[in-house]
Participant: 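My structure is below; once you've seen it, I'll send some questions.
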Amino acid sequence: MSSPTSTELAMPDSPRSPELPEDPERALEALRQATNRCRECPIGEHATQSVFGEGRVGAAVMVVGEQPGNQEDLQGRPFVGPSGQLFDQAVADLGWSRDRLYVTNAVKHFKFELRGKRRMHKTPAQREIAACLHWLESEIAQVRPKALIALGATASRALLGRPVAVMRERGHWHTDARGLPVLVTLHPSALLRGDPAERELAYAAWLKDLAVAGEYLAPRKRPAQKR
């Protein structure tokens, strides 16, 4: 029997985790391929593909959402649907640079239910979130962010390991098991589902939450040149 390659599933304590190359970029690609094959929970059987994170190794902040939506599932990229577009607007309004962010989801496949021909989002069950947790932990280990932003209850629970009352704990730093700071706030889909008459105020409050992470995303100061 041949020995496993770097992208084959080889860790005995987690049969769906790959043996990773030492190079973080290659390791992330191996993880991406492995999540596409993952069937530790039923979601992967019905999704088009897994949707892994995007961004650079060493990004200052990792942003974690719940799961891919319909557009993410079809395109294979995170944060490209309506929620992702609202997040991009927030990034622009805050004056952040997107290349200093890494964006991903706690769950890597799209869970949905059919209503006619439409695929409607369905919240992942706790066991499905738990089954996907080691992928997220491996992703964090390779990217090595300085801080994390948890968008919504699913991401918050995955990162902090406990139920999180998002409305009560939003806009504040918490600490995960690694010692990394985690900023809790709403998922952008919550704003899109909310009362349109209150959306402007809700968006302003959400920006205020996100702005707390600005200390990790402030433009780097150039060292003064010697004369």
Side-chain angles (χ1 to χ4, degrees), residues 7-18 20 28 30-55 62-84 87 102-115 118-143 148-167 169 174 176-178 180 182 184-190 192-193:
T7 58
E8 289 177 334
L9 307 178
M11 290 175 62
D13 58 335
S14 183
R16 296 290 181 181
S17 295
L20 298 175
L28 287 169
L31 287 165
R32 185 193 66 77
Q33 293 181 26
T35 61
N36 207 39
R37 299 191 297 268
C38 182
R39 297 297 182 267
E40 288 186 55
C41 75
I43 302 177
E45 287 288 342
H46 306 289
T48 305
Q49 58 196 316
S50 69
V51 180
F52 204 65
E54 284 187 354
M62 178 184 282
V63 181
V64 183
E66 180 194 68
Q67 67 163 357
N70 185 61
Q71 285 301 313
E72 287 83 359
D73 173 74
L74 295 173
Q75 297 183 40
R77 299 184 59 209
F79 289 66
V80 295
S83 292
F87 177 75
Y102 184 98
V103 295
T104 191
N105 285 295
V107 174
K108 306 305 184 191
H109 287 99
F110 177 37
K111 184 176 182 179
F112 62 91
E113 59 183 5
L114 285 173
R115 294 183 189 171
R118 296 184 67 190
R119 302 191 306 171
M120 304 302 293
H121 166 276
K122 192 172 182 180
T123 302
Q126 182 53 36
R127 58 186 171 80
E128 293 160 343
I129 299 167
C132 228
L133 181 59
H134 67 96
W135 297 123
L136 179 60
E137 290 177 336
S138 294
E139 209 171 6
I140 293 169
Q142 296 302 323
V143 175
L148 302 153
I149 298 176
L151 301 178
T154 296
S156 298
R157 181 165 189 159
L159 291 171
L160 295 173
R162 60 175 176 81
V164 175
V166 173
M167 294 304 293
E169 302 186 48
H174 306 270
D176 74 359
R178 305 167 200 79
L180 283 173
V182 178
V184 170
T185 189
L186 300 176
H187 193 279
S189 64
L192 296 175
R193 293 193 305 268

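Index from 1, following the sequence. Computed from heavy atoms alone, side chains included, the values below leave out hydrogens, waters and symmetry copies.
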Participant: Heavy atoms only: give me the nearest T35-S50 pair and the separation to one decimal.
Facilitator: OG1-OG, 2.9 Å

Participant: Decide yes or no for H109 and R39: does some side-chain heavy atom of the first lie under 4.5 Å from some side-chain heavy atom of the second?
Facilitator: yes

Participant: To the nearest 0.5 Å, tell me how far R37 CZ sits from R32 CZ.
Facilitator: 10.0 Å

Participant: If you define the side chain from C-beta out and look only at heavy atoms, does anything of M120 sit under 4.5 Å from L114?
Facilitator: no

Participant: Could you go through Y102 and Q142, starting from their C-alpha distance and side-chain angles, then the distance that decides it, and tell me whether this counts as side chain to side chain contact (heavy atoms under 4.5 Å, CB included)?
Facilitator: CA-CA 11 Å; Y102 184 98; Q142 296 302 323; over 6 Å; no

Participant: Just by modelled atom types, is the L160 backbone N or O under 3.5 Å from a matching donor or acceptor in the D176 side chain?
Facilitator: no

Participant: Quick one: side-chain contact (heavy atoms from CB on, under 4.5 Å) partners of A165, sequence neighbours excluded?
Facilitator: R168, E169

Participant: Check the angle between the aromatic planes of F87 and F79 and answer parallel, tilted or perpendicular using the 30° and 60° thresholds.
Facilitator: perpendicular

Participant: Return yes if some donor-acceptor pair links the side-chain N/O of Q67 with the main-chain N/O of F110 below 3.5 Å, else return no.
Facilitator: no

Participant: Let me have the donor-acceptor pairs involving side chains of residues 122-132, under 3.5 Å, with sequence neighbours excluded, atom names and distances please.
Facilitator:
unit_1	atom_1	unit_2	atom_2	d
Q126	OE1	R157	NE	3.3
E128	OE1	K111	NZ	2.9
E128	OE1	A125	N	2.7
E128	OE2	K111	NZ	3.4

Participant: Answer whether the closest heavy-atom distance between the side chains of L159 and M62 falls below 4.5 Å.
Facilitator: no

Participant: Kindly give the heavy-atom pair with the smallest separation between A106 and L136, and that separation in Å.
Facilitator: CA-CD2, 4.2 Å

Participant: A quick test of your reading: do over 12 heavy atoms of other residues, nucleotides or ligands sit less than 6.0 Å from CZ of R118?
Facilitator: no

Participant: Using every non-hydrogen atom in the two residues, find where T185 and V166 come nearest and quote the distance to one decimal.
Facilitator: O-CG1, 3.6 Å

Participant: How about H46 and F112: do any of their side-chain heavy atoms sit closer than 4.5 Å?
Facilitator: yes

Participant: To check you understand the geometry: which heavy-atom pair defines the closest contact between L133 and A158, and what is its length?
Facilitator: CD1-O, 3.5 Å

Participant: Quick one: does R119's side chain get under 4.5 Å of D73's, heavy atoms only?
Facilitator: yes

Participant: Any non-hydrogen side-chain atom of F52 less than 4.5 Å from a side-chain atom of L31?
Facilitator: yes

Participant: Under 3.5 Å, side chain of Q33 to main-chain N/O of A30, donor-acceptor pair present?
Facilitator: no

Participant: Please find the pair of heavy atoms, one from P68 and one from E72, that lie closest to each other, and give the distance.
Facilitator: CB-CB, 3.7 Å

Participant: Do P78 and T104 come close enough that some side-chain heavy atom pair is under 4.5 Å?
Facilitator: no

Participant: Taking all atoms of both residues into account, what is the closest heavy-atom pair of G65 and A155, and its distance?
Facilitator: O-CB, 3.5 Å

Participant: Taking the side chain as every heavy atom from C-beta outward, state whether V64 and E139 have any pair of such atoms under 4.5 Å apart.
Facilitator: no

Participant: Would you give the length of the straight line joining atom NE2 of H121 to atom OG of S83, rounded to the nearest 0.5 angstrom?
Facilitator: 8.5 Å

